[in-house]
Asker: 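Here it is: the structure, laid out below.
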Amino acid sequence: MSLEAAAGKFLENRPVEELGWVEVEGRKLGEGYFAAQVRGHSMEPLIPHGALCLFRAPVEGSREGKVVLVKLVGAEDPEGGGSYTVKRYHSEKEQLEGGMWTHKRIWLAPINPEFETIELGPDPESVAVIAEFVG
């Protein structure tokens with residue numbers, strides 16, 4: 001799928017047309033898996049520029065430290081200028097009364113040290129996590 005189609009499908013629960021099919025060997029796949037091409041150098045060497053990557057949606061459990069496909073809300077990826085990016089997700093949480101918590105800070109980190117971290121502040125609405133990178 002294109003990243004836009006994948007995001008639309010998982011964020012807006014709408015049907016999309018696939019761009020095509022790819023064979024995946026050595027992995028059992030189920031609902032929610034899709035392949036999309038990732039462009040850019042910020043996640044090298046893990047994800048080379050132009051790589052066809054396998055993702056799984058939705059992201060289950062904690063997102064901390066996972067490489068995820070996200071849609072930025074009100075921001076753009078400085079590398080490609082678009083609203084979609086693949087980065088390592090991090091958040092710092094603050095404990096509130098009654099066992100509740102809130103985000104104190106959210107940031108998306110590249111692997112390649114030549115690129116800068118995307119700081120999103122505390123608002124979880126500033127990023128929509130679409131899927132987790134599988135390989």
Side-chain angles (χ1 to χ4, degrees):
M1 297 184 176
S2 70
L3 293 181
E4 291 83 3
K9 177 176 182 176
F10 294 111
L11 290 178
E12 300 163 13
N13 198 23
R14 66 178 185 185
V16 296
E17 290 187 35
E18 294 87 5
L19 296 176
W21 293 90
V22 294
E23 186 173 336
V24 178
E25 295 182 12
R27 183 175 300 274
K28 185 177 180 182
L29 302 179
E31 191 169 330
Y33 283 87
F34 64 94
Q37 187 174 39
V38 175
R39 292 187 173 97
H41 300 277
S42 67
M43 294 305 285
E44 290 177 341
L46 178 65
I47 302 173
H49 172 70
L52 188 59
C53 297
L54 183 63
F55 293 93
R56 178 182 56 229
V59 179
E60 297 175 342
S62 173
R63 298 169 180 165
E64 180 57 38
K66 291 182 177 178
V67 175
V68 293
L69 166 62
V70 301
K71 180 176 184 192
L72 301 170
V73 179
E76 290 186 344
D77 182 348
E79 181 179 12
S83 59
Y84 299 98
T85 189
V86 176
K87 300 282 187 286
R88 189 170 306 277
Y89 181 97
H90 295 286
S91 71
E92 184 179 338
K93 296 176 178 82
E94 182 175 32
Q95 190 71 38
L96 302 174
E97 289 183 32
M100 302 294 288
W101 57 268
T102 187
H103 287 283
K104 188 173 182 181
R105 177 178 166 227
I106 299 170
W107 67 100
L108 303 172
I111 291 174
N112 186 335
E114 295 180 20
F115 293 84
E116 301 214 4
T117 296
I118 300 172
E119 293 282 345
L120 298 171
D123 184 7
E125 301 298 318
S126 63
V127 61
V129 178
I130 299 164
E132 179 180 358
F133 170 76
V134 176

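Residue numbers run from 1 in the order of the sequence given.
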Asker: With rounding to the nearest 0.5 Å, note down the distance linking CG in Asp77 to CG in Leu108.
Answerer: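 Between Asp77 CG and Leu108 CG, I get 9.0 Å after rounding to 0.5 Å.
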Asker: Taking atom CD of Glu116 as the centre, does the number of heavy atoms from other residues, nucleotides or ligands within less than 6.0 Å exceed 12?
Answerer: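 Check fails, neighbour count at 12 or below.
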Asker: If you apply the rule side chain to side chain contact (heavy atoms under 4.5 Å, CB included), what do you find for Trp107 with Lys87, and how did you get there?
Answerer: CA-CA 9 Å; Trp107 67 100; Lys87 300 282 187 286; over 6 Å; no
Asker: Do the side chains of Val73 and Val70 join up, straight or via other hydrophobic residues, at under 4.5 Å, putting them in one cluster?
Answerer: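 Shared cluster, no.
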Asker: Taking it one step at a time, do His90 and Thr117 satisfy side chain to side chain contact (heavy atoms under 4.5 Å, CB included)?
Answerer: CA-CA 10 Å; His90 295 286; Thr117 296; over 6 Å; no
Asker: What pair of heavy atoms forms the shortest contact from Val59 to Glu132, and how long is it?
Answerer: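 Smallest heavy-atom distance, with atoms named: CG2-N, 3.5 Å.
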Asker: Provide the closest heavy-atom pair for Gly40 versus Glu44 in the form atom of the first, atom of the second, distance.
Answerer: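 Scanning both residues completely, I find the closest heavy atoms to be O-OE2, 4.3 Å.
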Asker: Ser91 and Arg63: side chain to side chain contact (heavy atoms under 4.5 Å, CB included), yes or no, with the steps?
Answerer: CA-CA 8 Å; Ser91 71; Arg63 298 169 180 165; over 6 Å; no
Asker: State, yes or no, whether a side-chain contact exists between Phe133 and Leu46 at a heavy-atom distance under 4.5 Å.
Answerer: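 SC-SC contact between Phe133 and Leu46 confirmed.
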Asker: Kindly indicate whether the side chain of Lys71, heavy atoms from C-beta on, has any atom under 4.5 Å from the side chain of Ile130.
Answerer: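 When only atoms from C-beta onward are counted, Ile130 and Lys71 do touch, with a gap below 4.5 Å.
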Asker: Mind listing the closest non-hydrogen atom pair of Cys53 and Val38 along with its distance?
Answerer: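 Minimum heavy-atom separation between Cys53 and Val38: SG-CG2, 3.8 Å.
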Asker: To the nearest 0.5 Å, how far apart are CZ in Arg39 and OH in Tyr84?
Answerer: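 It comes to 14.5 Å.
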Asker: Taking all atoms of both residues into account, what is the closest heavy-atom pair of Val86 and Met43, and its distance?
Answerer: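 Closest approach of Val86 to Met43, heavy atoms only: O-CG, 3.2 Å.
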Asker: Between atom CZ of Arg56 and atom CG of Leu69, what is the distance when rounded to the nearest 0.5 Å?
Answerer: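 So the CZ of Arg56 and the CG of Leu69 are separated by 13.5 Å.
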Asker: Would you call Leu72 and Leu120 a side-chain contact if the rule is heavy atoms closer than 4.5 Å?
Answerer: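 When only atoms from C-beta onward are counted, Leu120 and Leu72 do touch, with a gap below 4.5 Å.
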Asker: Could you label the plane-to-plane angle of the Phe55 and Phe34 rings as parallel, tilted or perpendicular, counting under 30° as parallel and over 60° as perpendicular?
Answerer: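 The rings of Phe55 and Phe34 lie parallel, inter-plane angle below 30°.
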Asker: Check whether any side-chain heavy atom of Ile118 lies under 4.5 Å from a side-chain heavy atom of Val127, and answer yes or no.
Answerer: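 In short, these two side chains do not touch, never coming nearer than 4.5 Å.
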Asker: Please report the closest heavy-atom contact between Ser42 and Pro110, naming both atoms and the distance.
Answerer: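 Heavy atoms only, the tightest pair is O-CB, 3.3 Å.
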Asker: For Glu119 and Arg105: C-alpha separation, side-chain torsions, deciding distance, then whether salt bridge (Lys or Arg N to Asp or Glu O under 4.0 Å) applies.
Answerer: CA-CA 8 Å; Glu119 293 282 345; Arg105 177 178 166 227; 3.0 Å; yes
